[in-house]
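Everything below concerns the one structure shown next.
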Amino acid sequence: MTKILEKAAEARNTKLNKVEATKALKNPMDVYARLEAIAAGGYEALAQEDSAYFLKCFGLFDKGEDFMLRVRVPAGQLNYEQAVRIGEVAQTYGNDYIDLTTRMQVELRYLKIENIAKVLAALKEVGISTFQTGVDNPRNIVTDPLDGIAYDNVIPTKPIIDALQEVFGENPEWISVLPRKFNTGILGSLSNSCNIFGHDCCFVLAQKEGLFGFNVYLGARVGMQAQDADLFVNIAQVPLFFKSLLSVFKTYGYRDNRNKNRLVYLLNDVGMEAFIQAVKSEAVCDFSPAGATLVQSQSIALGSNKVLGRDGTFAYKLIVPAGIFSGSHMIDVAKAAKTFGSGELRLTYDQNVYIPYIAKQALEGFESAPVVKHYAAYNNLYFSDMIACAGTATCSFGVIPNKPDAIEMAHFLSSEVAIPNASVRMNWSACPKGCGVHGIADIGFEGCIAKDAEGKKVDGVHIFVGGKITREAKEAHTLHKALPITEAKHHVKYLLQTYATHKQRGETYEMFDDRFLSRNYSFQALAFFTKINYVLNEKLGLNVMLELESEPKSSRREEYELFGFGLKLYKLLTGEKRFESVVELSPNMLKPTSIKRDTVSKLNPKVPLKLSEILYNMTHENKKERVAVFSELIVALKEI
């Protein structure tokens with residue numbers, strides 16, 4: 001089987017990419033050893049290869065005038081001393097700014113080059129590493145933030161993560177040796193609270209013949225969930241499998257095209273069976289076939305900002321809008337955690353913070369702490385599960401500001417569509433790279449340039465709907481492309497109003513989408529639904545709403561949906577029935593009712609001629625004369 005991998009590697013590695021050429025120039029540890037000299041030398045003496053690559057091996061990203069630093073937080077767990085030190089470093093060297101990220105770690109920004117060695121030394125004093133948080137390295141390992149605490153946690157994974165860190169962490173043999181970055185997640189809980197199917201390597205809670213362990217999924221990237229490797233590993237086997245996996249990727253991974261050298265491309269070329277056989281050969285271990293995957297729900301704390309742990313204490317979820325935090329607040333939260341809990345903090349995949357081990361009798365005191373009261377204002381549906389990556393302010397790839405956009409939309413929706421006992425995941429990426437994991441959201445946004453009604457370029461988004469992370473991993477579908485953000489918020493509003501109207505008790509948006517939206521309506525129909533309501537209300541001010549039925553007879557067939565929507569809109573806008581009766585797509589022709597293109601405008605002068613023409617084309621008595629697809633109508637609606 002290794003011959004298949006050898007052949008694939010030979011075909012793809014005849015010409016190495018520029019990054020591989022850079023990697024050959026130096027040993028990364030030699031650069032690390034010179035960190036104080038680099039800091040003292042300033043920007044004038046900074047070598048181009050150090051700026052572009054080698055410093056990134058240790059989390060340092062040159063932003064032109066200053067540096068961003070990624071801080072590794074295995075499993076997202078910080079003790080009191082570590083949390084305080086991160087806060088102090090942010091205060092002293094980084095404009096008191098912290099970003100919480102989807103890899104359950106932190107990013108410090110605005111660090112001056114003369115301070116970079118001091119910052120890394122200060123963090124190291126309390127056991128914090130920044131190694132291998134960038135470029136071609138194994139990145140921070142994520143897990144359930146309530147690992148070892150929650151009732152649904154079957155296998156505590158922090159000891160396993162510590163064992164995996166022993167394999168590669170700060171080990172010169174594993175620094176900058178992979179073809180590309182390598183993300184890992186390990187989940188020992190029943191609920192998916194860390195996007196477990198979204199990593200290069202995913203260890204997912206499973207049961208086989210009465211034993212608990214992990215099924216392995218491999219090869220996720222932006223826009224693609226991991227593939228089932230049909231392999232089960234027990235707890236003791238995880239480090240062996242992981243090291244063998246990295247070794248095979250190191251040996252056979254592609255080093256030509258940087259855009260096509262993540263693990264998934266090797267898997268697609270050689271096949272999962274051949275790849276897994278190579279891993280087994282490397283490990284000298286015949287790992288078992290997969291057992292039953294046990295992940296079956298979203299976070300156990302769904303819809304609540306605190307959850308009871310199995311030891312009788314509570315974990316409180318501090319909602320941090322878009323992950324924008326500060327050093328001062330990190331220190332304040334750590335102090336509150338120490339006063340009322342253990343002092344430990346748990347960073348989350350959705351850019352928030354859990355404070356665990358708070359006794360029931362201490363909750364009131366904890367919630368009265370000023371910093372906790374400050375963030376309590378965001379304890380609502382639209383902030384608690386929101387993710388937003390860095391935008392134009394701090395990321396050179398960003399197309400839109402992103403974090404401010406996400407926060408503004410969350411405030412808008414909170415005021416427009418408050419829904420009790422609900423849950424919706426809205427993820428924002430500032431560009432196609434997808435760092436905000438918009439593709440697995442209930443409602444996802446990808447930043448782009450759009451045009452407003454006057455044709456001027458404005459900040460916009462592509463809207464995605466229908467992503468899944470619970471019993472299955474599924475990428476979302478495009479609902480709309482290149483909408484101005486000022487318009488996009490209304491499209492989302494109409495989806496959420498439908499959720500509010502039809503949701504069942506305890507039903508998340510993901511569950512609602514399965515039961516109601518995706519089951520009953522095509523994505524084309526949903527796109528028209530939000531667009532027509534935007535036109536009717538925000539553009540024309542008609543104060544009428546096309547609503548979705550709970551049991552439509554169209555069966556997701558576009559021509560039936562289109563005709564049905566046309567009949568409803570005609571009645572909404574004129575007060576009259578378009579036909580006395582219809583059978584499927586055909587009106588009752590015993591009483592033929594022909595209309596002209598301007599009929600709706602004559603019956604209701606508030607309706608512009610263009611919209612009247614659209615309804616004419618949707619409801620023509622001769623079905624051969626009707627418009628065939630929703631996309632045609634959406635283009636026409638843009639002209640209103």
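All heavy atoms count here, side chains included; hydrogens, waters and symmetry mates do not.
Atom CD of Gln504 and atom CG of Asn421 lie 14.0 Å apart (nearest 0.5 Å). In this structure, CG in Asp99 is found 11.0 Å from CZ in Arg70, a value given to the nearest 0.5 Å. Met386 CE to Leu381 CG: the interatomic distance, rounded to the nearest 0.5 Å, is 11.5 Å. Here SG of Cys57 is found 12.5 Å from OH of Tyr32. Values are rounded to the nearest 0.5 Å. To the nearest 0.5 Å, atom CG of residue Asn195 and atom CE of residue Met104 are 11.5 Å apart. Taking CD1 of Ile235 as the start and CZ of Phe212 as the end, the distance is 10.0 Å to the nearest 0.5 Å.
A side-chain contact (heavy atoms from CB on, under 4.5 Å) with Arg425 holds for exactly one of Val437, Ile443, Ile387, Ile469; it is Ile469. Results of the side chain to side chain donor-acceptor pair (under 3.5 Å) test with Arg515 over Glu510, Glu507, His502 single out Glu507 as the only residue that passes. If you run side-chain contact (heavy atoms from CB on, under 4.5 Å) between Arg262 and each of Leu266, Val264, Asn259, only Val264 comes through.
Side-chain atoms of Glu367 never come within 3.5 Å of backbone atoms of Val372 as a donor-acceptor pair (strictly under, hydrogens ignored). Checking side-chain atoms of Lys208 against main-chain N and O of Pro289 turns up a donor-acceptor pair under 3.5 Å. Side-chain atoms of Gln296 come within 3.5 Å of backbone N or O of Leu294 as a donor-acceptor pair. Without hydrogens or angle criteria, Arg12 side chain to Ala9 main chain gives no donor-acceptor distance under 3.5 Å. The backbone N or O of Leu100 sits less than 3.5 Å from a side-chain atom of Gln351, completing a donor-acceptor pair. Between the Tyr217 side chain and the Ile196 main chain, no donor and acceptor come within less than 3.5 Å of each other. In this structure, Asp256 contributes its side chain and Asn13 its backbone to no donor-acceptor pair below 3.5 Å. Listed for the Thr133 side chain is a donor-acceptor partner under 3.5 Å among the backbone atoms of Thr130. Without hydrogens or angle criteria, Arg346 side chain to Asp144 main chain gives no donor-acceptor distance under 3.5 Å. The backbone N or O of Ala163 sits nowhere less than 3.5 Å from a side-chain atom of Glu166 that would complete a donor-acceptor pair.
For Asp513 and Arg519, the salt-bridge test fails: no basic side-chain N is under 4.0 Å from an acidic carboxylate O. For Asp200 and Lys181, the salt-bridge test fails: no basic side-chain N is under 4.0 Å from an acidic carboxylate O. A salt bridge links Lys23 to Glu20: at least one charged side-chain nitrogen sits closer than 4.0 Å to a carboxylate oxygen. With salt bridges taken as basic N to acidic carboxylate O contacts below 4.0 Å, one links Glu125 and Arg85. A salt bridge links Asp350 and Lys317; the closest N-O separation between the charged side-chain nitrogens and carboxylate oxygens is under 4.0 Å.
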Between Phe275 and Leu218, does a side-chain contact (heavy atoms from CB on, under 4.5 Å) hold up when you go through it step by step? CA-CA 10 Å; Phe275 184 84; Leu218 299 174; 4.0 Å; yes

Would Asn215 and Asp228 count as a side-chain contact (heavy atoms from CB on, under 4.5 Å) if you check the C-alpha gap in whole Å, the side-chain angles of each, and the deciding distance to 0.1 Å? CA-CA 8 Å; Asn215 283 343; Asp228 187 350; 5.5 Å; no

Can Asn427 and Thr102 be said to form a side-chain contact (heavy atoms from CB on, under 4.5 Å), step by step? CA-CA 11 Å; Asn427 298 356; Thr102 57; over 6 Å; no

Apply side-chain hydrogen bond (donor to acceptor under 3.5 Å, both in side chains) to residues Ser176 and Tyr53 and explain how you reach the verdict. CA-CA 10 Å; Ser176 183; Tyr53 185 83; 2.6 Å; yes

Let's go through Asp269 and Lys7 carefully: what are the C-alpha distance in whole Å and the side-chain angles of both, what is the deciding distance for salt bridge (charged side-chain N to carboxylate O under 4.0 Å, His left out) to 0.1 Å, and is it a yes or a no? CA-CA 10 Å; Asp269 285 349; Lys7 186 176 179 181; over 6 Å; no

Before giving the answer on side-chain contact (heavy atoms from CB on, under 4.5 Å), spell out for Tyr521 and Arg556 the whole-Å C-alpha distance, their side-chain angles and the decisive distance to 0.1 Å. CA-CA 5 Å; Tyr521 294 95; Arg556 302 181 82 247; 5.5 Å; no

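Residues Val295 and Asn192 share a closest heavy-atom pair of CG1-CB, 3.7 Å. Between Ala441 and Ala476, the shortest heavy-atom contact is O-CB, 4.2 Å. When all heavy atoms of Asn352 and Leu318 are compared, the pair lying nearest together is CB-O, 3.3 Å. When every heavy atom of Ala430 is checked against every heavy atom of Cys389, the shortest pair comes out as N-SG, 3.3 Å. Shortest non-hydrogen contact noted between Asp442 and Ser423 is OD2-O, 4.4 Å. In terms of heavy atoms, Leu245 sits closest to Cys201 at CD2-SG, 3.5 Å.
Seen from the ring of Phe314, Lys306 does not count as a face-on cation partner, given the 6.0 Å and 45° thresholds. Note that Lys250 lies in the cation-pi zone of Trp174, set by a 6.0 Å cut-off to the ring centre and a 45° limit from the axis. A cation-pi contact, defined as under 6.0 Å to the ring centre and within 45° of the axis, links Lys433 to Phe397. Remark: Arg72 fails to qualify as a cation-pi partner of Phe131 under the 6.0 Å distance and 45° angle criteria applied to the six-membered ring.
Ring geometry, Phe366 versus Phe340: the interplanar angle exceeds 60°, so the pair is classed perpendicular (tilted spans 30 to 60°). Between Tyr375 and Tyr378, the two ring planes are tilted [angle within 30° to 60°]. Ring orientation note: the planes of Phe168 and Phe242 are tilted relative to one another, at an angle of 30° to 60°.
By the neighbour-count criterion of 12 heavy atoms within 6.0 Å, atom NZ of Lys243 is sparsely surrounded, having that number or fewer from other residues, nucleotides or ligands. Atom CG of Asn171 is surrounded by more than 12 heavy atoms from other residues, nucleotides or ligands within 6.0 Å. No more than 12 heavy atoms of other residues, nucleotides or ligands shown are found within 6.0 angstrom of NZ on Lys260.
When ring centroids are compared, Phe241 and Phe287 come within the 6.0 Å threshold. Ring to ring, Phe445 and His438 are not that close: their centroids are 6.0 angstrom or more apart. Between Phe249 and Phe182, a ring centre-to-centre spacing shorter than 6.0 Å is recorded.
No side-chain heavy atom of Val424 sits less than 4.5 Å from a side-chain heavy atom of Phe512. Side-chain contact between Thr478 and Val465 is absent, with no heavy-atom pair separated by less than 4.5 Å. When side chains are defined from C-beta on, Ile98 counts as touching Met330, because their heavy atoms get closer than 4.5 Å. Between Lys124 and Ile128, every side-chain heavy-atom pair lies at or beyond the 4.5 Å cut-off.
Under 3.5 Å, the side chains of Arg180 and Asn261 contain a donor-acceptor pair of N or O atoms. Checking Thr157 against Asp147 by side-chain atom types alone, a donor-acceptor pair falls below 3.5 Å. No side-chain donor-acceptor contact under 3.5 Å links Glu107 and Thr101.
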